Amino acid sequence: MKWTCLRMRFSSTRFPKPPHFFSLAFFTANTINTTKFEFRPFESSWYHSTSLAYSTNETAVGVLHAKAVTSGTFQNLKESNYILNLVVKSQDLAYAQKLFDEISDRDVRAWTILISGYARLGASTMVLDLFREMRIEGVPPNQFTLSSVLNSSSSTSDLQTGKIIHGWILRNGINLDIVLENSILDIYAKCGPFYYAKNLFELMVERDTVSWNIMVGAYLHVGDMENSLSMFRSLPHKDVASWNTIMDGLTRNGRGRAALELLYEMVRNGPAFNKVTFSIALILISSLSLTELGRQIHGRVLRFGFEKDGFVRTSLLDMYCKGGKMEKASLLFRKRPMDWSRMQKSKITESTTEIISCSSIVAGYIRNGEYEDALKFFISMVCGQVKVDRFTITSVLSACANTGILELGRQIHAYVQKVGHTMDFHLISSSIDMYAKCGILDDAWTIFKQTGNPNVVVWTSMINGCASHGQGRKAMWLFEKMMHEGIKPNDVTFVGVLTACSHSGLLEEGYKYFRLMKEVYGIKPKVEHFTCMVDLYGRAGHLDKAEEFIQENSLSHLTGVWRSFLSSCRLHKNIGLGKWVSETLLRLEPLDAGPYILFSNMCTANDEWEEAANVRGLMQQRRINKVCGQSWIQLKNEVHTFVMGDRSHPQDTEIYSYLDELNGRLKEIGYSSDGKLVMQDVEEEQREMLLGYHSERLAMVFGIIRTTSEMPIRIMKNLRICTDCHNFIKYTSQILLREIIVRDIHRFHHFKHGLCSCGDYW
DNA sequence: TTAGGGTTAG
């Protein structure tokens, strides 16, 4: 099968900037038939009644402003403040600033409107500058101004600004009402030292439910679940926000079960749900994988009429995505409100709800391993002019990494650079992983080196990159450096470093790290870690130790562990033991194709042809499906996929003729195929092995034909590479002086001058 | 005062 849906390029035409609000507004104001607005300039009540309806309608705002200017009413302070407020609500601060500058005799309200606009966008420098300017102009800030600045500091975690305003309030002896006091408390609760929030709270003469809720949140923020719960229990009056705060905090701190109990309690004895409760409840249910309960909550959402709320919609959609119910999620997505198509026609969609919904869907496909669907959906987003933000990009890079679609990954990385998205740790680790998994470890290194103070996931991505490319020592060096810099490794980091040790035969080091994980970092080993250890012993040839480890740790029910062990039996040609393990696996996984294939291969390698045929027969009798071996190569923007003996490619005659010729040339310099060496889980391809038309050879030859000699050839394969193909490619790299890179299901093989980076140890 | 999406392994 061949798929070529990736014929896309990112360019300025794909991602045009949206037309600037200011110019658009004036253009339409001058051309539109304004009579339909029934503009009556002196009636402020008209402005008032239309403000809400027009607050997101750029054209209407433009018309209002244009008319206000031409009729000379713009200098009426009350009217100009209305218009300013509308523009600020539409988030075009450049336009708002221009309007503001046009207003003479600006009052405190005008200043407050503009300040709150910048505050909502998180532009704290502008907020502070304006706050300073208004005082220089002699306009005293009121409680609304102060509250607005403080709230912005709190929502953007800008403690510094909050402290400055707080200091100013104290120095000027401003009378604090409860609202302002709560705003100050909220800043320290969210970003300040906890003890400061606690002291403020205890010093408050008057406290309302909001103050108590803020303190419950403060405890949650520092991870003190017990005190937050006990404070919640002791609240004199619990309102809906109190319940929401505690349930959300518990969910975020991994206490989903406790949060669920509270949710049930709220249904029985608490206040009615609001929109926020639904959103929190859906996230909670999603984190506990209780999709059925989620479906019931969906019913309640419909009964309450909250299905159109953006937050509730995205939480619902994400719950279905995380629960693997992609069809349900797509259905919900397609039912979106009408403004979608309107916006789609005019410019890039910037509705946060739509952007988040799209990114949830992309991530949902990826979580379910449906990478191609994820990429297709992403491309439809781009074609449908939906704004692509760094959340979506992070997911899409992960899809590129897993499918090995380097060109798309590179284009997306270039796009990130071009539009200047902030490279946060999620995006950085995703990019490192993409380059590493696409075979360009150097580019992964470049990104890693450019990252200041990488977090544990970034370190882990780089360690895993080195491990998969067989650079075990480098991975260990990185791991040591990470610990030296005070970053605590997590369970995934240990999987990476143990894999690195295993793939490079670093037995002692691997054992040391396994103990370090348990004894120093207190991480309980999971199946992956046990599998790495069995792999470590087995690969190094200590099959007895590997078996002992399995028994000691009671791992004999884990198929992954036996698979790894079997792989070591193959590597060290211990056919008898391998056959025994195959039988064990067959008992453990009677419906999985893998053990049958492995068992059959073991018998073949031991000249037990009849038994091999029996196993194959049993497999057919039980109608067990096999995974089809596929290899693919990307040239320019096309992905060419091959299966064994594939004749569907347009250039198949050329490919087969070249392959036969190459086969002859390799034999002349010593290559010979050996059926007994082939004992990998490459399934059906085995039987046709002697034909020499395995998918990776077809992909490789196609690469040779279509590229120039200095270009490395990069091939991806969905199964392990077999010994014979490994040998074939080694000889090819020698005779053609070509660098050939193969990514199989476990690791990379870099073939150069007749040698492979895995050292024939995989 | 309370709410939405993303990364590393397997």
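Per chain, numbering begins at 1; letters A, B, ... match sequence-line order. Predicted model, so just to flag it, every value in this text is computed and none were measured.
Looking at every heavy atom in both residues, A:S430 comes nearest to A:T394 through OG-O, 2.7 Å.
Under the side-chain hydrogen bond (donor to acceptor under 3.5 Å, both in side chains) criterion, A:E327 pairs with no residue at all, not counting sequence neighbours.
Residue contacts shown for A:I366 are absent, as no nucleic acid heavy atom lies under 4.0 Å away. Residue A:R207 is classed as having no contact, given no heavy-atom separation below 4.0 Å to the nucleic acid. Contacts of A:G310 with the nucleic acid, taken as non-hydrogen atoms under 4.0 Å apart, include base atoms. Note on A:S461: only backbone sugar-phosphate atoms sit closer than 4.0 angstrom, heavy atoms only; bases stay farther off. At the heavy-atom level, A:V495 lies under 4.0 Å from the strands shown only through sugar-phosphate atoms. Within 4.0 Å of A:D318, counting heavy atoms only, lie sugar-phosphate atoms of the nucleic acid but no base atom.
The aromatic rings of A:F304 and A:F278 sit perpendicular to each other, their planes meeting at more than 60°, with 30° as the lower class boundary.
Taking the 5' to 3' direction, DNA chain B first and last meets chain A under 4.0 angstrom from a heavy atom at B:dT1 to B:dG10.
The side-chain hydrogen bond (donor to acceptor under 3.5 Å, both in side chains) pairs that include a residue from residues 209-224 of chain A are A:N182-A:S211, A:D208-A:S211, A:N213-A:D239, A:N213-A:S242, A:D224-A:N227, where partners are two or more places apart or lie in different chains.
A:E261 and A:R255 are not joined by a salt bridge, as no carboxylate oxygen comes within less than 4.0 angstrom of a charged side-chain nitrogen.
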